[in-house]
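Predicted model, so just to flag it, every value in this text is computed and none were measured. Side chains included, hydrogens not; waters and symmetry mates left out as well; all remaining heavy atoms used.
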Amino acid sequence: MDRRRSARPPRPTAVQGGPSCTFNRNEENASAADHQHSKAPSPKASDALPLPLYLTNTIFFTLFFSVAYYLLHRWRDKIRNSTPLHVVTLSEIAAIVSLMASFIYLLGFFGIDFVQSFIARSSPDAWDLDDEIDQTLLIDNNRYAAPPCASAVALTSKVAAAAAAAAAAGPLNTTPLPEEDEEVVKMVVNGSVPSYSLESKLGDPKRAASIRREALQRVTGRSIQGLPFEGFDYESILGQCCEMPVGYVQIPVGIAGPLLLDGFEYTIPMATTEGCLVASTNRGCKAIYASGGATSMLLKDGMTRAPVVRFGSAKRASELKFFLEDPDNFDTLAVIFNRSSRFARLQSIRCSIAGKNLYVRFCCSTGDAMGMNMVSKGVQNVLDFLQHDFSDMEIIGISGNFCADKKPAAVNWIEGRGKSVVCEAIIKEEVVRKVLKTSVASLVELNMLKNLTGSAMAGALGGFNAHSSNIVSAVFLATGQDPAQNVESSHCITMMEAVNNGRDLHVSVTMPSIEVGTVGGGTQLASQSACLNLLGVKGANKESPGANSRLLATVVAGSVLAGELSLMSAIAAGQLVRSHMKYNRSSRDVSKLES
């Protein structure tokens with residue numbers, strides 16, 4: 001903005017010593033008497049520029065960004081052509097000089113604004129009414145000893161009204177904070193105290209969360225009163241589950257079952273906000289129970305991590321591949337790997353090459369923990385060991401996505417990750433007809449056309465099922481698992497066929513990558529720990545390490561079997577839409593409930 005050329009409105013001059021004050025205009029045609037009560041405008045630093053300020057700014061802003069764009073493109077070309085960056089041409093030298101000159105000007109421009117604002121704070125004569133924002137700041141910070149008179153308030157009515165509205169709004173939290181906490185909130189709001197450091201500075205996780213919550217409302221201007229705060233142990237999540245908490249989300253937990261699996265009954269906790277899901281799974285459990293129960297088999301138990309390393313040539317990458325896959329070297333590598341934990345046991349190493357890059361997929365057992373941290377530490381130990389013999393190996397990343405974690409991947413679908421489980425049951429014809437309200441032939445046909453053919457038509461990867469992710473997500477949330485690992489844990493193929501001369505139904509689910517644990521992470525929270533205790537798998541199994549997590553994986557697979565059986569029956573019988581209209585739609589007027 002060119003302040004030299006803008007029309008300057010009247011500047012107030014307070015005359016003390018009486019109950020009222022007057023305003024005198026500082027115009028070019030003012031009388032001598034008027035000049036006795038007013039002073040000439042103070043010269044500004046920007047007046048020294050040879051061009052109008054807006055033109056000067058435009059020139060230097062354009063110069064700065066165009067030169068920066070030119071240099072970035074030149075440096076990119078040099079990198080592609082393997083040209084040293086310090087070798088510069090005459091045009092590049094000129095561009096660098098122009099970049100520095102424009103940067104210095106822009107820095108000086110903001111410095112001018114700072115000087116002007118400093119002058120305005122130190123002298124009442126420098127009050128510039130041509131900028132409403134500056135005017136707001138002047139009024140809001142009470143920079144004048146003389147109180148504003150009626151004429152001044154009339155002149156700045158819009159600014160005064162805005163300031164009054166902001167002051168009247170006040171903090172959004174209706175619960176008053178202690179004076180000490182109020183001071184901390186103000187420091188968080190103005191940025192002098194980082195929000196993330198409250199726990200370490202205060203030593204009280206709950207108090208830190210309360211202060212952060214209030215500061216958040218003031219900064220955003222939006223209330224989060226509907227987000228619960230009380231009734232939660234904030235110390236339990238410190239350093240392991242969640243950073244910078246301001247509350248917690250409520251998810252209802254329902255129970256399905258009993259699920260009769262391998263001769264034992266299990267009540268399945270499911271945390272979900274989807275109506276019909278628990279009821280449907282419960283119906284599947286009833287059908288399985290009435291048919292004599294389900295049987296499960298654990299096929300594999302091993303968590304994976306795959307770092308990516310790079311060499312100067314594909315030959316060197318191949319040499320490391322041969323070294324790692326040589327059975328004679330496995331025992332040595334296993335000793336190095338197993339130092340990371342008393343539960344970690346290296347099972348296998350598989351390598352894959354892409355040019356001169358090598359992806360190494362380590363697989364190990366991890367006891368009752370899900371095991372991602374455990375296997376990562378073991379991998380780091382092996383990489384450090386390998387660098388003694390392969391000093392030219394460059395470690396690009398501890399994870400090269402060949403693991404593959406939290407992403408749909410064929411390597412998990414084929415080789416498995418975590419726990420690989422198959423679960424089956426034979427549902428009697430009478431149960432299919434009376435409980436599931438359909439027929440064996442209808443279920444077999446629907447499964448072939450929907451779960452197998454339909455999924456193939458869609459190009460599904462591990463998605464040859466009706467809704468395994470529904471059940472997996474609900475059980476994961478209830479038992480403190482990593483919900484993001486639902487991606488690969490929901491890989492499932494559902495099979496159905498008629499047996500016993502076509503009278504009964506054989507149904508099975510094969511899930512190659514169920515990633516669960518009963519220790520660590522969210523499993524230690526009170527609510528999730530209670531759900532694990534309901535299943536009888538809370539904590540670590542001291543007699544047989546890993547037994548609890550393996551049992552949890554089979555329960556997840558059994559629950560998926562029940563959910564698949566019930567949903568497929570609902571679709572075959574044409575009940576899906578009616579069920580969701582009945583159980584998944586609320587007739588209550590939420591707006592009236594809130595009022």
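For the salt bridge (charged side-chain N to carboxylate O under 4.0 Å, His left out) with Glu488, the qualifying choice from Lys407, Lys406, Arg417 is Arg417, the only one to do so. Here the rule is side chain to side chain contact (heavy atoms under 4.5 Å, CB included) with Val360, and of Leu386, Val308, Ile349 only Ile349 fits it. The one candidate from Val253, Ile255, Ile471 that meets the side chain to side chain contact (heavy atoms under 4.5 Å, CB included) condition with Met270 is Ile471.
Enclosure of atom CG in Asn373 is not indicated, since only 12 or fewer non-hydrogen atoms of other residues, nucleotides or ligands lie within 6.0 angstrom. More than 12 heavy atoms of other residues, nucleotides or ligands lie within 6.0 Å of CD in Gln240, so this atom counts as buried by the packing criterion.
Within the model, atoms CZ of Arg342 and CE of Met374 stand 9.0 Å from one another, a figure rounded to the nearest 0.5 Å. Between the OH atom of Tyr289 and the SG atom of Cys285 there is a distance of 11.5 Å, given to the nearest 0.5 Å. Distance check, rounded to the nearest 0.5 Å: NZ of Lys538 to CG of Asn533 gives 5.5 Å.
Residues Leu452 and Met495 have side chains in contact (heavy-atom distance under 4.5 Å, counting atoms from C-beta outward). Looking at heavy atoms from C-beta onward, Pro269 lies in side-chain contact with Leu535 at the 4.5 angstrom threshold. Side chains of Val185 and Leu177 form a contact here, defined as non-hydrogen atoms less than 4.5 Å apart. Using a 4.5 Å heavy-atom cutoff, the side chains of Leu324 and Asn329 are not in contact. Here the side chains of Val421 and Met297 are not in contact, with every heavy-atom distance at 4.5 Å or above. Counting heavy atoms from C-beta on, the side chains of Val246 and Leu227 come closer than 4.5 Å. Looking at heavy atoms from C-beta onward, Ser559 lies in side-chain contact with Val555 at the 4.5 angstrom threshold. Looking at Phe330 and Glu325, their side chains never come closer than 4.5 Å, going by heavy atoms from C-beta outward.
Side-chain atoms of Ser490 and Ser469 include no donor-acceptor pair closer than 3.5 Å. Using modelled atom types, one finds no donor on one side chain facing an acceptor on the other under 3.5 Å when comparing Ser340 with Asn381.
Qualifying ring pair (Phe, Tyr, Trp, His ring centres under 6.0 Å) partners for Tyr359, counting only residues two or more places apart in sequence or in other chains: none. Judged as a side chain to side chain contact (heavy atoms under 4.5 Å, CB included), and not counting sequence neighbours, the contacts of Asp384 are Gln380.
Taking the six-membered ring for Trp and thresholds of 30 and 60 degrees, Tyr234 and Phe232 have ring planes more than 60 degrees apart, a perpendicular arrangement.
A salt bridge links Asp301 and Lys419; the closest N-O separation between the charged side-chain nitrogens and carboxylate oxygens is under 4.0 Å. Between Glu230 and Lys206, at least one side-chain nitrogen of the basic residue sits less than 4.0 Å from a carboxylate oxygen of the acidic one, meeting the salt-bridge criterion. Using a 4.0 Å cut-off between charged nitrogen and carboxylate oxygen, Arg361 and Glu415 count as a salt-bridge pair.
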Inset, instruction - List the steps, then state whether salt bridge (Lys or Arg N to Asp or Glu O under 4.0 Å) holds for Glu199 with Arg212. - result: CA-CA 10 Å; Glu199 281 78 4; Arg212 181 181 298 111; 2.7 Å; yes
Legend entry - From CA spacing to verdict: side chain to side chain donor-acceptor pair (under 3.5 Å), Gln481, Gln528: CA-CA 9 Å; Gln481 311 304 313; Gln528 289 80 346; over 6 Å; no
